[in-house]
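Shown next, in structure tokens, is the structure this report addresses.
As the structure is a prediction and not an experimental result, all values here were calculated from the model. These values consider heavy atoms only, across backbone and side chains, with no hydrogens, waters or symmetry-generated copies.
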Amino acid sequence: MNNTSSFTDQEMLQDMLAAQKMVTGGYNTFANECASDGLKNEFVALLGEEHQIQHDLFVEMQKRGWYQTEPADQAKISQAKGKFQQLSN
């Protein structure tokens, strides 16, 4: 069977970013549930590396115009900041 369909660069980056999000979610759960300090530290280190890979993919997609973000509304930022400051008091 000859399959001539192929993924575009955008589709491949979207797939890789989705996979990285799943990987970081798993490592975060594993790190949270470790009974061994050594194993927990290893998962936290891996989590940091995976977050960097995820960030690199995100930046590359933004550069290519494939991941659009909108600037946050300053009023909403202030509101969220106030809410979390109240929780920490």
Side-chain angles (χ1 to χ4, degrees):
M1 174 184 266
N2 186 9
N3 187 355
T4 58
S5 64
S6 61
F7 292 104
T8 65
D9 288 348
Q10 182 177 3
E11 290 169 329
M12 285 189 284
L13 284 172
Q14 286 171 333
D15 186 59
M16 290 188 308
L17 184 61
Q20 283 305 124
K21 289 178 180 181
M22 288 178 30
V23 167
T24 57
Y27 280 148
N28 189 57
T29 299
F30 301 151
N32 284 335
E33 297 178 359
C34 277
S36 161
D37 286 341
L39 189 56
K40 178 181 177 131
N41 291 339
E42 191 63 34
F43 276 122
V44 169
L46 289 169
L47 181 61
E49 291 173 17
E50 296 300 329
H51 272 294
Q52 186 59 53
I53 293 168
Q54 180 181 342
H55 178 72
D56 293 345
L57 288 166
F58 169 79
V59 168
E60 185 60 33
M61 290 182 74
Q62 272 194 317
K63 281 196 270 185
R64 295 179 184 209
W66 297 338
Y67 200 113
Q68 302 297 319
T69 57
E70 294 182 22
D73 180 292
Q74 190 59 45
K76 288 183 180 180
I77 293 172
S78 296
Q79 182 183 19
K81 185 177 175 181
K83 178 181 175 181
F84 287 107
Q85 284 176 336
Q86 288 177 353
L87 292 174
S88 68
N89 292 334

Who pairs with Asp15 by side chain to side chain donor-acceptor pair (under 3.5 Å), at least two apart in sequence or on another chain?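 Result, side chain to side chain donor-acceptor pair (under 3.5 Å) vs Asp15: none returned.
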With sequence neighbours excluded, tell me which residues meet side chain to side chain donor-acceptor pair (under 3.5 Å) with Gln62. Thr69
May I ask whether [X] and [Y] are part of the same hydrophobic cluster, defined by side-chain heavy atoms of I, L, V, M, F, W, Y residues being less than 4.5 angstrom apart, directly or through others?
X	Y	value
Leu46	Ile53	no
Leu39	Val44	no
Val23	Met16	no

Would a 4.5 Å heavy-atom cut-off, applied to side chains only, mark [X] and [Y] as touching?
X	Y	result
Met12	Asp9	yes
Arg64	Glu60	yes
Gln10	Gln14	yes
Tyr67	Leu13	no

With Phe43, which residues qualify under ring pair (Phe, Tyr, Trp, His ring centres under 6.0 Å), at least two apart?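 Phe43 satisfies ring pair (Phe, Tyr, Trp, His ring centres under 6.0 Å) with Tyr27, Phe30 once adjacent residues are dropped.
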Would you name the heavy atoms of Thr24 and Leu47 that are closest together and state the gap between them?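 What the structure gives for the nearest pair is O-CD1, 3.3 Å.
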What closest approach, in Å, do Lys40 and Cys34 show between heavy atoms, and which atom pair accounts for it? CB-CB, 3.7 Å
Value rounded to 0.5 Å, distance of CG in Leu17 from CH2 in Trp66: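 The CH2 atom of Trp66 is 12.5 Å from CG of Leu17, to the nearest 0.5 Å.
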To the nearest 0.5 Å, how far apart are CG in Leu57 and CD in Gln52? 10.0 Å
Hey, mind stepping through Lys81 and Gln85 against side-chain contact (heavy atoms from CB on, under 4.5 Å) and telling me if it holds? CA-CA 6 Å; Lys81 185 177 175 181; Gln85 284 176 336; 3.6 Å; yes
Can you tell me if Gln20 uses its side chain to pair, donor with acceptor, with the backbone of Glu50 under 3.5 Å?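 Answer holds: yes.
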Please determine whether the number of non-hydrogen atoms from other residues, nucleotides or ligands lying under 6.0 Å from atom CG of Asp73 exceeds 12. yes
